[in-house]
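A quick write-up on the structure given underneath.
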Amino acid sequence: MKNGKIGVTTENIFPVIKKFLYSDHEIFLRELISNAVDATQKLKTLSSIGEMKGDLGDLTIRVSADKDAKTLTVTDRGIGMTAEEVDKYINQIAFSGAEEFMEKYKNQAIIGHFGLGFYSSFMVADKVEIITKSWKEGAKTVRWSCTGTPEFEMEETDEAHDRGTTIVLHLSEDALEYAEDSKVEGLLRKYCRFLPIPIAFGKVKEWKDGKYVDTDKDNVINKIEPLWTRKPSELKEEDYMKFYRDLYPMKEDPLFYIHLNVDYPFNLTGILYFPKIKDRMAIEKNNIQLYCNQMFVTDHVDNIVPDFLTL
């Protein structure tokens, strides 16, 4: 068993994370899933270049909520971590100090400035546990836990654990909504519906004997392949229309669409749909969803589309 302090230069960094890391606390789930996808993609790369031998197996990322236990769990079968890697990537946070941190970014969005994806979980959890096992041969299972202070506990064990990482959030009393199935599934569909790795939340339900019961089939959230990742030459009119109907099932077909592919001054691919306007009160200006690496970021986007293309 190893006990120690997380490498921060202030005792007050956790209150800063809990209150100010992101303006919207639901972002924590996006960050954890993003890390899981990254770990899985890295494993696929290692396999493709021959460094990892053997079958990759099922790479589905699984999310589960337990209302009674007040926990939310995210599990992947990616590269996992050794004890040394946990020490490097989890325990060593280099901040210049909470006051300077807040002063510098108080009027800006925090996302993108720090590798703080994992620590965003402390916005909603009183305790976080990591159980991880590296893909490397002979690796041991590593258990890490922290209760939202700089002190942590970490140990290597011989307990059986699949390759990859499990993160268990013990939710705080003011964040118990994240143990509700409907809340979690809604967030997963919001942020993860276009990710390249399957994301499963529970089982598909079917109506039987007057009630919904679980089947054996995983409830995979991200079932839609994003058209913007494909070349326009590969697509037909009906592909664009089907994609739009999947996104907006209650709306009629758009007036027209534009497939964008911009590489200067920034890299941007996307599809702009122009809806039919029957009532001036129905105009939705700049209603654009922005994704980064197929992960939803925001639907409040300014200055992406030229004024002459907006209504």
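No experiment lies behind these values; they were computed from the predicted model shown.
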Short question: side chain of [X], backbone of [Y] - any donor-acceptor pair under 3.5 Å?
| X | Y | value |
| --- | --- | --- |
| Ser47 | Lys44 | no |
| Glu85 | Thr82 | yes |
| Ser34 | Arg30 | no |
| Tyr257 | Met241 | no |
| Thr132 | Met81 | yes |
| Thr215 | Val204 | yes |
| Tyr119 | Ile90 | yes |
| Asp214 | Lys205 | no |

Check whether [X] and [Y] end up in the same hydrophobic cluster, where Ile, Leu, Val, Met, Phe, Trp and Tyr are linked by side-chain heavy atoms less than 4.5 Å apart.
| X | Y | value |
| --- | --- | --- |
| Leu187 | Ile221 | yes |
| Leu32 | Val86 | yes |
| Ile167 | Met154 | yes |
| Val142 | Ile130 | yes |
| Ile61 | Ile79 | no |

Hey, are the side chains of [X] and [Y] touching, using non-hydrogen atoms and a 4.5 Å cut-off?
| X | Y | answer |
| --- | --- | --- |
| Ile33 | Leu188 | yes |
| Arg193 | Leu247 | yes |
| Leu46 | Lys42 | no |
| Glu180 | Val184 | no |
| Lys133 | Asp162 | no |
| Thr71 | His170 | yes |
| Leu227 | Thr229 | no |
| Leu260 | Ile271 | no |

For [X] versus [Y], what's the shortest heavy-atom pair and its separation?
| X | Y | answer |
| --- | --- | --- |
| Ile199 | Cys192 | CG1-CB, 4.3 Å |
| Arg77 | Leu59 | O-CD2, 3.7 Å |
| Thr141 | Ala160 | OG1-C, 4.4 Å |
| Pro254 | Tyr273 | CG-CD2, 3.6 Å |
| Ile197 | Asn222 | O-ND2, 2.7 Å |
| Thr165 | Gly80 | OG1-CA, 3.7 Å |

Specify whether [X] and [Y] have parallel, tilted or perpendicular ring planes, treating 30° as the upper limit for parallel and 60° as the lower limit for perpendicular.
| X | Y | value |
| --- | --- | --- |
| Phe243 | Phe194 | tilted |
| Phe152 | Trp144 | parallel |
| Phe274 | Phe256 | parallel |
| Tyr244 | Tyr248 | tilted |

Enumerate the residue pairs fulfilling salt bridge (Lys or Arg N to Asp or Glu O under 4.0 Å) with a member in residues 50-60, sequence neighbours excluded, ordered by first and then second residue.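 Matches after skipping sequence neighbours: Asp58-Arg62.
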Please collect all salt bridge (Lys or Arg N to Asp or Glu O under 4.0 Å) contacts where either partner lies in residues 257-275, sequence neighbours excluded, each pair once.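 Counting only pairs at least two positions apart or across chains, no salt bridge (Lys or Arg N to Asp or Glu O under 4.0 Å) contact touches residues 257-275.
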Salt bridge flag under 4.0 Å for residues [X] and [Y]:
| X | Y | value |
| --- | --- | --- |
| Lys203 | Asp216 | no |
| Lys140 | Glu159 | no |
| Arg143 | Glu155 | no |
| Asp246 | Lys242 | yes |
| Arg189 | Glu185 | yes |

Can you tell me how far the [atom1] atom of [X] sits from the [atom2] atom of [Y], to the nearest 0.5 Å?
| X | Y | atom1 | atom2 | result |
| --- | --- | --- | --- | --- |
| Lys183 | Leu176 | NZ | CG | 12.5 Å |
| Asp66 | Lys70 | CG | NZ | 11.0 Å |
| Leu43 | Ser134 | CG | OG | 9.5 Å |
| Leu169 | Phe28 | CG | CZ | 6.0 Å |
| Thr147 | Glu151 | OG1 | CD | 7.5 Å |
| Ser121 | His25 | OG | NE2 | 12.0 Å |

Is the number of heavy atoms from other residues, nucleotides or ligands under 6.0 Å of Glu137 CD greater than 12?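 No - once you tally the heavy atoms of other residues, nucleotides and ligands closer than 6.0 Å, there are 12 at most.
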Got a sec, which residues hit side-chain contact (heavy atoms from CB on, under 4.5 Å) with Ala175, two or more places apart in sequence or on another chain?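 For Ala175 the side-chain contact (heavy atoms from CB on, under 4.5 Å) partners, ignoring immediate neighbours, are Val124, Ser172, Tyr178.
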With salt bridge (charged side-chain N to carboxylate O under 4.0 Å, His left out) as the test, pick out the partner of Glu234 among Lys236, Lys231, Arg230.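 Result: among Lys236, Lys231, Arg230, Arg230 is the only option passing the salt bridge (charged side-chain N to carboxylate O under 4.0 Å, His left out) with Glu234.
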Kindly determine whether Met52 and Arg163 satisfy side-chain contact (heavy atoms from CB on, under 4.5 Å), including the steps that lead there. CA-CA 12 Å; Met52 186 210 165; Arg163 175 201 71 219; 3.5 Å; yes
Is there a side-chain contact (heavy atoms from CB on, under 4.5 Å) between Thr40 and Asp38 once you walk through the steps? CA-CA 5 Å; Thr40 307; Asp38 184 51; over 6 Å; no
